[in-house]
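Heads up: the structure comes next, in structure tokens.
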Protein chains: 2
Amino acid sequence: MSTAEETAGGEVEPWEEVTPDAARRLLVAAVEAFAERGYHATTTRDIAGRAGMSPAALYIHYKTKEELLHRISRIGHDKALDILRTAARREGTATERLADAVSSFVRWHAGRRTTARVVQYELEALGPDARAEILDLRRQVDAEVRGIIQEGVAAGEFDVIDVHGTTLAVLSLCIDVARWFNVNGPRTPEEVGALYADLVLRMVGAK
Amino acid sequence: MSTAEETAGGEVEPWEEVTPDAARRLLVAAVEAFAERGYHATTTRDIAGRAGMSPAALYIHYKTKEELLHRISRIGHDKALDILRTAARREGTATERLADAVSSFVRWHAGRRTTARVVQYELEALGPDARAEILDLRRQVDAEVRGIIQEGVAAGEFDVIDVHGTTLAVLSLCIDVARWFNVNGPRTPEEVGALYADLVLRMVGAK
DNA sequence: GGGCACACTAAGCGCTCGCTCAGCTTCGGC
DNA sequence: GCCGAAGCTGAGCGAGCGCTTAGTGTGCCC
């Protein structure tokens with residue numbers, strides 16, 4: 001059902017770093033279930049069933065249901081941060097790099113919507129230690145976007161009064177794509193990415 | 001704890017239309033609990049406890065836990081729609097009305113964050129009938145914002161290529177405030193509302 | 001001041017949850 | 001061909017869930 005979505009954009013097949021195979025199948029099943037119904041409404045029996053295994057098999061590969069969420073969240077945040085870093089550190093003007101960052105970040109949130117939903121909206125189900133680890137990654141995400149905007153302002157490319165507030169708004173806009181994007185809707189991830197890159201350049205007053 | 005937040009902005013005390021008193025206390029307790037932990041992670045014992053009552057008392061005023069969520073969602077959406085309609089139908093240019101709509105809509109999502117969180121993020125916990133009713137209200141919310149933007153384009157005030165896509169982005173931006181806004185953070189709801197009105201006018205290319 | 005409607009509680013029912021454990025199968029090493 | 005490790009299952013434990021029911025206290029009407 002979501003196989004087509006998960007491989008959209010011609011990206012490398014996700015979760016390939018998760019081994020062995022049974023652990024990956026359980027993790028993919030958990031992503032789908034958490035995205036559909038939320039972490040608390042998902043049962044371990046449901047996850048195991050989607051992976052074609054008995055409920056007890058889950059506990060051979062993961063200590064608890066929360067460890068599954070933690071692993072998903074960690075891998076997802078690493079990927080999101082990687083996307084932004086790649087865009088932020090390429091050659092080009094701040095305008096080009098911001099457009100690139102926004103369009104690729106949005107493409108990921110739309111094209112890999114199930115994963116992004118879990119990553120962005122189930123944070124509060126994590127325990128204190130795991131949550132702190134993920135929040136640190138989020139601060140790095142924030143810093144990447146803020147960096148591009150600051151450089152654009154310094155170079156005279158952008159016209160922004162409140163850099164911190166605008167950064168927050170830009171990230172919020174991109175992240176919320178995971179909430180409303182519909183795989184069967186009229187827009188492709190690429191179209192939304194292009195629209196959002198244009199909107200964000202307007203927000204920062206790019207020339 | 002959240003009393004100050006709930007009355008922020010000098011608005012009329014919310015939930016006053018819910019009677020009798022015990023039913024209102026239960027509903028307010030449910031809003032706080034759902035916002036903190038999510039619908040599925042909240043127990044009826046927790047809601048009743050916050051309202052200073054026994055678990056059984058809940059079922060004198062509400063048929064099920066879901067009815068509580070439905071009532072909260074309905075009242076919240078009615079309020080959100082009312083805010084947008086008031087801004088959309090006042091006197092003034094499309095630019096003035098869009099700025100007014102965004103700033104008041106954002107003030108509500110920031111100042112009444114607990115309510116807005118439940119209203120905007122717990123929709124999928126509702127059953128099919130209740131969900132359909134709420135989705136209809138959301139379409140009306142969408143139509144109000146789209147109407148202002150269309151009028152602005154027709155009047156030559158705005159420069160927008162994709163009206164539907166931009167409407168979606170504007171609403172998404174405002175709604176997501178409920179996810180990240182922190183009552184103890186550096187910004188007041190008024191400041192966020194003003195910043196966002198400016199950002200949205202830039203997004204639609206207002207002169 | 002007796003009776004009754006109403007708001008509420010204490011106790012608990014049936015169920016499903018996350019998780020455990022004893023035992024079965026499979027397979028590589030020798 | 002035997003053995004132990006690894007992967008997995010069927011059965012089920014203790015806990016906590018949403019919700020019900022029998023009974024209690026309170027205040028209003030006549």
Side-chain angles (χ1 to χ4, degrees), chain A residues 15-73 118 122-131, chain B residues 15-73 118 122-131:
Chain A
W15 313 121
E16 62 173 4
E17 68 264 54
V18 182
T19 55
D21 181 67
R24 178 171 51 246
R25 271 158 49 218
L26 284 163
L27 195 124
V28 169
V31 169
E32 290 175 7
F34 291 162
E36 268 176 37
R37 309 141 80 107
Y39 174 80
H40 288 297
T42 298
T43 69
T44 54
R45 285 164 177 82
D46 183 27
I47 296 169
R50 285 174 192 246
M53 301 163 105
S54 76
L58 194 152
Y59 293 91
I60 293 165
H61 300 283
Y62 301 96
K63 255 169 50 197
T64 61
K65 175 176 144 185
E66 195 200 315
E67 193 195 324
L68 264 168
L69 177 62
H70 182 195
R71 288 268 250 272
I72 293 165
S73 198
V118 179
E122 301 293 344
L123 175 68
E124 298 195 359
L126 290 172
D129 291 355
R131 176 150 67 232
Chain B
W15 312 121
E16 62 174 4
E17 68 265 52
V18 181
T19 55
D21 181 66
R24 179 171 50 247
R25 270 160 46 219
L26 284 164
L27 194 123
V28 169
V31 169
E32 289 174 6
F34 291 162
E36 268 177 38
R37 307 141 79 109
Y39 174 79
H40 288 295
T42 298
T43 70
T44 54
R45 284 162 177 84
D46 183 28
I47 297 169
R50 284 173 193 248
M53 302 165 102
S54 76
L58 194 150
Y59 294 91
I60 293 166
H61 301 283
Y62 302 95
K63 255 170 49 197
T64 61
K65 175 176 143 183
E66 195 199 315
E67 193 195 325
L68 263 168
L69 178 61
H70 183 197
R71 287 269 249 274
I72 292 165
S73 198
V118 179
E122 301 291 344
L123 174 69
E124 298 194 359
L126 289 172
D129 291 357
R131 176 150 67 232

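Here is how names work: the chains are called A, B, and so on, in the same order as the sequence lines, proteins then strands, and each is numbered from 1.
The shortest non-hydrogen separation linking G127(B) to E66(B) is N-OE2, 2.9 Å. Smallest separation of non-hydrogen atoms from A35(B) and V118(B): N-CG2, 3.6 Å. The heavy-atom pair separating E122(B) from G38(B) by the smallest distance is OE2-CA, 3.3 Å. The minimum heavy-atom distance linking S54(B) with A48(B) is given by the pair O-CB, 3.5 Å.
A straight line from CG of D46(A) to P of dC17(C) spans 9 Å, rounded to a whole angstrom. dC8(C) atom C1' lies 17 Å from atom CD1 of I47(B), rounded to whole Å. Here dG18(D) presents its P atom at 17 Å from NZ of K63(B), a figure rounded to the nearest Å. One atom, CZ of F34(B), and another, C1' of dG18(D), lie 12 Å apart when rounded to the nearest Å. Rounding to whole angstrom units, CD of residue E67(B) and C1' of dG18(D) are separated by 14 Å. If you take CG of L58(A) and P of dT20(C), they are 11 Å apart, rounded to a whole angstrom. Across the protein-nucleic acid pair, Y62(B) atom OH and dG18(D) atom P stand 16 Å apart, rounded to whole Å. Separating the NE2 atom of H61(B) from the P atom of dC19(D) is a distance of 16 Å, rounded to the nearest angstrom.
The backbone N or O of A30(A) sits nowhere less than 3.5 Å from a side-chain atom of R50(A) that would complete a donor-acceptor pair.
Under the side chain to side chain donor-acceptor pair (under 3.5 Å) test applied with E67(B), the options H70(B), K63(B), K65(B), R71(B) reduce to a single match, R71(B).
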Inset, instruction - Go along nucleotides 11-17 of chain D 5' to 3' and tag each nucleotide: B for a protein heavy atom under 4.0 Å from its base, S when only backbone or sugar atoms are that close, - otherwise. - result: -B----B
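Dashed line: the shortest gap from a side-chain N or O of Y59(A) to OP1 or OP2 of dT20(C) is not under 4.0 Å.
Considering only the side chain of I60(A), dC8(D) comes nearest among dA7(C), dC8(D), dC19(D).
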